[in-house]
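Report on the following structure.
Quantities reported herein were computed from a predicted structural model and do not represent experimental measurements. Atoms within each ligand, like the ligands themselves, are counted from 1 in listed order.
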Amino acid sequence: MANVIVVGTQWGDEGKGKVVDLYAENADVISRFQGGNNAGHTLVVKGVQTILHLIPSGILHDQKICVIGNGVVVDPQVLLDEIDKLTSRGLFPPNTSLYVSEKAHLIMPYHRRLDLAREGRRGGGKIGTTGRGIGPAYEDKVARTGIRVGDLFDSDSFREKLVRNLEEKNFLLTNYFGEERVDPEAVFTEYHGYGERLLPFVTDTSVILHRELRRGRKILFEGAQGCHLDIDHGTYPYVTSSNTVAANAFSGTGLGPAGNFTVVGICKAYTTRVGSGPFVTELSCEIGRRIQDAGQEFGATTGRKRRCGWLDMVLVRHAIRVSGITGIALTKLDVLTGIEKIKICVGYQTARGERINFAVPANLQVLANCEPVYEEIDGWTEDISQARRIEELPKNVRKYLERIETMADIPLVLVSVGAARNETIVLKNPFIS
Ligand code: GDP
Ligand code: IMO
Ligand code: MG
């Protein structure tokens with residue numbers, strides 16, 4: 001029995017939430033390991049939509065353990081709101097537990113303020129962050145000045161860290177950005193209140209995960225964002241501030257890589273991106289708008305329009321390599337229905353005439369000047385949302401899938417034909433390796 005790591009292969013919003021919710025049925029523990037409430041993971045179950053930002057997408061199931069690992073940055077207000085909303089809607093099963101790592105770093109009000117102030121300063125060169133304070137929170141973690149969830153329970157040291165941090169942050173906010181200062185006492189009182197409410201959830205989650213693994217329980221790791229938003233392997237600097245690749249499932253939870261793990265890469269049948277940065281297969285024509293409309297491509301966190309383009313296999317192959325992906329879950333295939341000719345980007349042509357097939361260039365100037373090399377296949381018009389077996393799909397759809405599988409050089413393990421949990425064709429259960 002394998003444990004499963006789910007990661008995005010593009011720029012996020014590939015449908016990780018839907019797939020994690022579906023896979024959670026077969027798992028005992030579901031754990032986030034990086035990112036924060038920049039994530040927006042959408043689940044549709046029995047016609048009801050739930051968008052999760054911090055709580056793992058296994059929460060709707062009975063008798064699961066949901067973990068927010070040490071690699072996540074936690075905005076306590078958002079977490080408490082999420083808990084309250086799920087509870088009031090009757091969606092937090094009483095026999096499912098939620099644990100938050102005491103080592104996870106807190107997003108503080110000054111992180112959000114700095115995130116927004118920096119973006120404002122960058123003007124046209126802005127990254128297009130979600131404005132949730134993610135980058136500044138990770139900066140403090142690496143600078144060794146961060147405040148962790150566990151610090152909420154030691155008032156004296158919490159106040160001391162807060163006051164020390166605010167000396168520097170307020171200097172920046174007022175003198176450099178021309179913003180108002182943040183009052184340490186107000187933040188202390190606010191966060192003290194959060195600490196009181198969060199106490200029952202907070203623990204050393206590494207110990208829980210390790211215990212469950214040794215008992216032979218199945219762990220499902222839920223990645224946020226996508227490979228090309230990874231701080232090392234993505235289109236830097238137009239990325240997020242954490243490692244989104246599968247390897248971080250281990251350091252982000254406090255488990256070692258020894259054991260039986262398999263990696264499923266979630267891949268949209270086309271490509272989207274929110275925020276700035278190069279996008280080789282972007283479509284600024286009618287087809288792009290059509291995909292945007294049919295796919296309802298609006299950000300689940302900020303509501304921003306997602307930029308849309310053709311499927312880019314250079315991105316996907318790069319993701320397969322850096323995350324060690326063993327199977328692809330292809331989502332939103334239904335969105336392409338009705339498009340006469342569908343293109344797949346099989347490589348890039350650089351401005352110097354070189355051909356690139358596997359590795360997205362690190363130099364953004366080179367990347368921005370790459371031209372996509374397309375292969376064209378015939379589309380289909382049939383409604384595919386009712387298909388539950390691969391044989392039920394029209395011939396042209398299967399051709400598209402075969403081309404993707406051949407180019408990825410790994411098998412498709414799932415095909416999603418609608419937003420709902422049941423609108424899915426499962427080809428292989430990744431928990432059975
Ligand atoms: P995540 O961040 O990777 O979890 O993805 P998001 O939830 O941000 O965005 C995916 C969107 O597509 C959500 O609105 C999902 O409900 C929806 N979705 C997921 N799979 C499918 C699918 O196969 N077809 C369609 N039409 N929508 C899907
Ligand atoms: P999920 O988990 C899509 C993007 C932002 C911006 C860049 C940096 O739902 O797939 P940040 O606020 O992280 O500093 O912003 O990363 N971004 C996402 N795009 N899906 C996400 O998460 C994202 N999380 C961050 O739009 O371009
Ligand atoms: Mg999302």
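With ligand atoms numbered from 1 in the order given, ligand 1 contributes 16 (O), 18 (N), 21 (C), 22 (C), 24 (N), 25 (C), 27 (N), 28 (C) to contacts under 4.0 Å with heavy atoms of A419. Listed by atom number, the atoms of ligand 1 under 4.0 Å from G418 heavy atoms are 20 (N), 21 (C), 22 (C), 23 (O), 24 (N), 25 (C). Of all atoms in ligand 1, listed by their number and element, those nearer than 4.0 Å to a heavy atom of G15 are 1 (P), 3 (O), 4 (O), 5 (O).
Only protein atoms were considered; those of element N, O or S under 2.8 Å from the Mg ion (ligand 3) number 2.
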Cut-off 3.5 Å, no hydrogens considered: what does the side-chain donor-acceptor table look like for residues 333-340, sequence neighbours left out?
unit_1 : atom_1 : unit_2 : atom_2 : d
T337   : OG1    : D334   : O      : 3.0
T337   : OG1    : W380   : NE1    : 2.9

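Compare Q296, K332, H53 by their heavy atoms: the one nearest to atom 11 (C) of ligand 1 is in K332. Between the choices Q10, K268, R306, the shortest heavy-atom distance to atom 9 (O) of ligand 1 belongs to R306.
Counted within 6.0 Å of CD on E180, heavy atoms from surrounding residues, nucleotides or ligands total 12 or fewer; the atom is thus considered open. Around atom NZ of K103, no more than 12 heavy atoms belonging to other residues, nucleotides or ligands sit under 6.0 Å away.
With hydrogens left out, the protein atom closest to atom 4 (C) of ligand 2 is L229 CD1, 3.9 Å, a heavy atom. Nearest protein heavy-atom contact of atom 26 (N) of ligand 1 is D334 OD2, 2.8 Å. If you check which protein heavy atom lies closest to atom 8 (C) of ligand 2, you get V239 O, 3.4 Å.
Contact annotation: G40 has at least one heavy atom less than 4.0 Å from an atom of ligand 1.
Only backbone heavy atoms of W11 (N, CA, C or O) come within less than 4.0 Å of ligand 2; its side chain stays farther off. Contact annotation: for H41 versus ligand 2, heavy atoms closer than 4.0 Å belong to the side chain alone.
A cation-pi arrangement is not found for R273 relative to F279, the charged atom failing to lie both closer than 6.0 Å to the ring centre and inside a 45° cone about the ring normal.
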